[in-house]
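Below is one structure, written out as structure tokens; the observations come after it.
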Amino acid sequence: MRLGPRPAALGLLLLLCAPAAGAGDAQGEHRTDYDREALLGGQEEVDEYVKLAPEEQQKRLKSIIKKIDLDSDGFLTESELSSWIQMSFKHYAMQEAKQQFVEYDKNSDGRVSWDEYNIQMYDRVIDFDENTALDDAEEESFRQDKKRFEKANQDSDPGLNLEEFIAFEHPEEVDYMTEFVIEEALEEHDKNGDGFVSLEEFLGDYRRDPAANEDPEWILVEKDRFLNDYDRDADGRLDPQELLSWVVPNNQGIAQEEALHLIDEMDLNNDRKLSEAEILENQDLFLTSEATDYGRQLHDEYFYHDEL
């Protein structure tokens with residue numbers, strides 16, 4: 001997975017193991033599958049989920065509700081829901097990295113070498129000269145992967161151990177990779193080499209059609225994001241810290257948006273928080289509907305086991 005923003009026309013930032021940002025469809029209709037993903041945290045084991053007896057479903061759901069309720073007051077607030085969703089995002093990102101580590105570690109020596117990474121990705125080792133661009137653009141991107149691989153290797157032993165591999169796959173989650181993430185973004189977007197990203201550089205290759213009277217909608221949206229979300233000091237450019245807020249996925253904002261959506265849909269007495277009864281009254285919004293890709297938390301003791 002590579003960090004790096006892209007224009008809205010190509011899709012905004014891909015989130016690390018996070019659900020899509022919209023909580024409803026264009027008409028604002030409720031999306032049960034999205035809510036289930038947000039609460040339960042995954043997209044696997046649907047068949048097993050459907051096979052659970054209703055009593056077991058409810059038992060595990062009650063356990064999850066209890067764990068979300070951090071202050072044990074019997075209600076789930078926006079803050080508690082948001083924190084739980086963020087935790088779920090990170091948990092599954094880490095679980096995915098651990099699973100990948102086993103797949104990439106071909107000789108099972110507890111380390112992933114650069115050659116093993118190449119073989120897993122391309123079925124061969126890609127050789128390239130440090131100063132010569134490759135003809136294949138996708139393979140050329142491996143040059144940046146190699147830099148990130150080397151940065152993630154803290155102990156200087158050949159290959160990456162599990163912790164280093166997680167830093168390689170998810171540099172946004174590891175403090176010592178922050179500088180590299182910023183450098184990587186500047187290398188990609190700072191075309192004039194001044195250490196900042198201007199609005200023009202932010203928009204990439206976009207140039208307005210001379211025949212058009214105004215910019216397309218997606219450009220207007222991106223300009224608004226640049227001015228109001230990222231350029232905090234309003235100097236018309238993104239410094240390294242402002243750039244970081246653009247490059248690193250904002251799971252916090254997405255989790256908060258979904259927490260508000262869940263409350264909007266399920267809060268029956270308008271107190272802006274959810275009781276267990278309100279969730280169980282509407283549990284079909286989360287747990288029952290046509291077969292979907294969600295339900296993982298009901299099969300992961302990390303989430304529902306009372307003693308955890």
Side-chain angles (χ1 to χ4, degrees), residues 15-25 27-46 48-50 52-96 173 249-308:
L15 297 177
L16 306 171
C17 287
D25 64 15
Q27 289 74 42
E29 293 179 1
H30 183 80
R31 282 180 48 192
T32 302
D33 56 353
Y34 185 86
D35 293 337
R36 185 180 306 143
E37 179 182 19
L39 185 65
L40 302 180
Q43 301 182 17
E44 296 181 352
E45 300 181 350
V46 166
E48 290 301 314
Y49 163 74
V50 172
L52 283 177
E55 296 80 6
E56 184 63 21
Q57 290 179 22
Q58 193 165 99
K59 176 184 175 182
R60 295 187 185 187
L61 178 57
K62 285 181 178 180
S63 178
I64 290 173
I65 293 170
K66 183 178 179 181
K67 293 180 71 175
I68 299 174
D69 183 14
L70 295 177
D71 61 8
S72 301
D73 69 347
F75 298 94
L76 306 188
T77 64
E78 173 195 332
S79 176
E80 289 170 331
L81 285 164
S82 178
S83 295
W84 177 263
I85 294 168
Q86 289 177 70
M87 180 275 293
S88 176
F89 290 168
K90 184 170 184 177
H91 171 74
Y92 282 113
M94 297 303 100
Q95 291 299 105
E96 180 184 26
E173 298 286 359
N250 183 12
N251 284 345
Q252 180 179 355
I254 292 171
Q256 183 177 25
E257 179 182 343
E258 177 58 9
L260 287 170
H261 170 65
L262 296 177
I263 290 174
D264 287 341
E265 290 288 343
M266 304 183 71
D267 177 21
L268 301 179
N269 62 1
N270 297 316
D271 62 356
R272 302 308 298 163
K273 52 190 178 182
L274 301 180
S275 66
E276 180 184 277
E278 285 174 324
I279 294 175
L280 295 179
E281 175 71 19
N282 295 278
Q283 76 174 44
D284 60 306
L285 297 179
F286 292 93
L287 307 177
T288 61
S289 71
E290 69 277 12
T292 69
D293 288 331
Y294 311 118
R296 187 190 297 181
Q297 282 188 11
L298 291 188
H299 298 273
D300 188 338
E301 289 192 356
Y302 180 87
F303 291 96
Y304 71 79
H305 198 289
D306 291 338
E307 296 179 1
L308 299 181

CA sep, side-chain torsions, deciding dist, call: Ile279, Lys62, side-chain contact (heavy atoms from CB on, under 4.5 Å): CA-CA 9 Å; Ile279 294 175; Lys62 285 181 178 180; over 6 Å; no
Sequence neighbours excluded - salt bridge (Lys or Arg N to Asp or Glu O under 4.0 Å) pairs with any residue from residues 271-280: Asp264-Arg272
CG on Leu280 to CE on Met266, rounded to 0.5 Å: 8.0 Å
pair Leu274-Leu81: side-chain heavy atoms closer than 4.5 Å: yes
Separation between OG1 of Thr77 and CG of Asp71, rounded to the nearest 0.5 Å: 7.0 Å
Inter-residue atom distance Ile263.CD1 - Glu78.CD, 0.5 Å rounding: 5.5 Å
Results of side chain to side chain donor-acceptor pair (under 3.5 Å) for Ser83 - residues two or more places apart only: none
Worked verdict on Gln256 versus Ile85 for side-chain contact (heavy atoms from CB on, under 4.5 Å): CA-CA 8 Å; Gln256 183 177 25; Ile85 294 168; over 6 Å; no
Reported NE2-to-CD distance for the pair His261 and Glu257, which is rounded to 0.5 angstrom: 9.0 Å
Closest non-hydrogen atom pair, Trp84 against Ile68: CD2-CG1, 3.3 Å
Residue pair Gln86 / Ser82, side-chain donor-acceptor N/O under 3.5 Å: yes
Check: Leu262 and Leu76 side chains under 4.5 Å, non-hydrogen atoms: no
Side chains of Asp267 and Asn269 in contact at under 4.5 Å (non-hydrogen atoms): yes
